[in-house]
Amino acid sequence: MIRRGHAFGSPVFAAADGQGGSARPLSVGPAERLRFERDGFLTVRGMFDAAAMAALTRWTDELAEAPEVPGRHWVYHEQSVLDPARKVMQRIENFCPHHEAFDRFVCGGEIIACVAALLGEPAVLFKEKINFKMPGGAGFKPHQDQQAGWGRYAPFFVTALVSIDPATLENGCLEIAGGRHKEGLIGEEWKPLDDAQMAGMDFTSVPTEPGDVIFFDSYVPHRSSENLTGRQRRVLYLTYNAASAGDHRAQYYADKYASFPPDIEREQGRSYVFRV
């Protein structure tokens with residue numbers, strides 16, 4: 001599935017690794033699938049090389065620097081925890097229809113092939129976002145992605161985290177409670193996990209370098225801390241579901257627009273609250 005869109009003048013990945021013609025084996029095989037099923041997540045170090053990451057970084061910069069206008073990619077901002085009087089970019093979503101190179105990478109490259117290997121069947125894109133976590137960017141409370149009302153679209157999802165910048169203990173790398181995905185929906189929808197629900201949970205920090213990828217399922221609890229360093233921590237999050245469960249991307253973004261549109265398209269005087 002390839003969605004065409006404006007490319008901001010960028011080149012396109014021509015092969016799975018961005019090098020144009022590589023035939024290296026897929027990064028996910030039967031052994032990796034077993035680890036994923038056991039732990040609820042799978043870390044693949046160095047999945048993308050320096051050339052591929054240079055392209056991803058360039059495309060991310062293009063989106064961040066593009067004007068915020070209605071009908072384009074969605075940009076959200078947040079209050080800085082270091083300077084409450086200042087707002088910083090928090091994330092960009094719904095950009096594949098407006099950036100052809102990113103779209104090809106997301107919907108026709110190695111990531112979706114690896115997700116399909118983990119699912120055991122073809123995959124389809126559900127949503128895409130870039131979390132920027134700028135200096136002063138807030139963390140994310142412990143939650144399961146499935147708590148965000150995703151059950152109305154499909155029963156199960158796999159998200160791929162692609163580290164654009166180094167994600168460290170200091171700037172808020174992903175923390176995962178491995179194995180707890182087997183318990184199904186632990187928390188209530190639209191609410192972070194509370195202390196009682198997290199009793200006995202052991203969150204493990206998973207620092208990543210540019211080019212590393214973490215695949216995790218929609219029931220594994222995870223969280224991250226705020227970024228109190230002087231450098232941004234950009235992470236690409238790509239979420240997919242099994243193609244047999246249907247293509248729900250358009251409906252998801254229509255529903256999200258109704259309740260939590262991008263900053264540039266919000267109604268004056270209306271309150272918008274991020275929940276999970």
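Predicted, not measured: the structure shown is a model, and the values here were computed from it.
A donor-acceptor pair shorter than 3.5 Å cannot be found between the side chains of Gln144 and Ser218. For the residue pair Glu32 / Ser27, no side-chain donor-acceptor distance below 3.5 Å is found, with atom types taken as modelled. No side-chain donor from either of Asn94 and Arg72 sits under 3.5 Å from a side-chain acceptor of the other.
Scanning for ring pair (Phe, Tyr, Trp, His ring centres under 6.0 Å) contacts around His143 gives His222, with sequence neighbours left out.
Taking Ile, Leu, Val, Met, Phe, Trp and Tyr as members and joining any whose side-chain heavy atoms lie under 4.5 Å apart, directly or through other members, the hydrophobic cluster of Phe216 also contains Phe41, Leu161, Leu174, Ile176, Val206, Ile214, Val220, Val235, Tyr237. Under a 4.5 Å side-chain heavy-atom criterion applied to ILVMFWY residues, the cluster that includes Phe140 comprises Trp74, Tyr76, Phe126, Trp150, Tyr153, Phe157, Tyr252, Tyr253, Tyr257, Phe260, Tyr272, Phe274 as well.
Checking each of Lys141, Lys133, Glu175 against Ser224 for a side chain to side chain donor-acceptor pair (under 3.5 Å) leaves exactly one that passes, namely Lys133.
Separating the CG atom in Asn171 from the CG atom in Asp165 is a distance of 8.0 Å, to the nearest 0.5 Å. Atom CZ of Arg91 is separated from atom NE2 of His77 by 11.0 Å, given to the nearest 0.5 angstrom.
Remark: the backbone N or O of His248 is not paired with any side-chain donor or acceptor of Gln251 at under 3.5 angstrom. In this structure a side-chain-to-backbone donor-acceptor pair under 3.5 Å is present from Arg266 to Pro261. Looking only at distances, no side-chain donor or acceptor of Arg180 sits under 3.5 Å from a matching main-chain atom of Ala177.
Using a 4.5 Å cut-off on side-chain heavy atoms (C-beta onward), Cys114 and Leu26 make contact.
A salt bridge links Asp61 with Arg234; the closest basic N to acidic carboxylate O contact falls under 4.0 Å.
Annotation: Arg45, atom CZ; neighbour count of heavy atoms from other residues, nucleotides and ligands within 6.0 Å is above 12.
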Practice task
Quick one: do Ser163 and Glu209 satisfy side-chain hydrogen bond (donor to acceptor under 3.5 Å, both in side chains)? Show the steps, please.
Solution key: CA-CA 6 Å; Ser163 194; Glu209 292 294 324; over 6 Å; no

Exercise for the section: Quick one: do Glu93 and Val75 satisfy side chain to side chain contact (heavy atoms under 4.5 Å, CB included)? Show the steps, please. Expected result: CA-CA 7 Å; Glu93 293 195 32; Val75 183; over 6 Å; no

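The cationic group of Arg233 does not satisfy the cation-pi geometry with Phe132, failing either the under 6.0 Å distance to the six-membered ring centre or the 45° limit from the ring axis.
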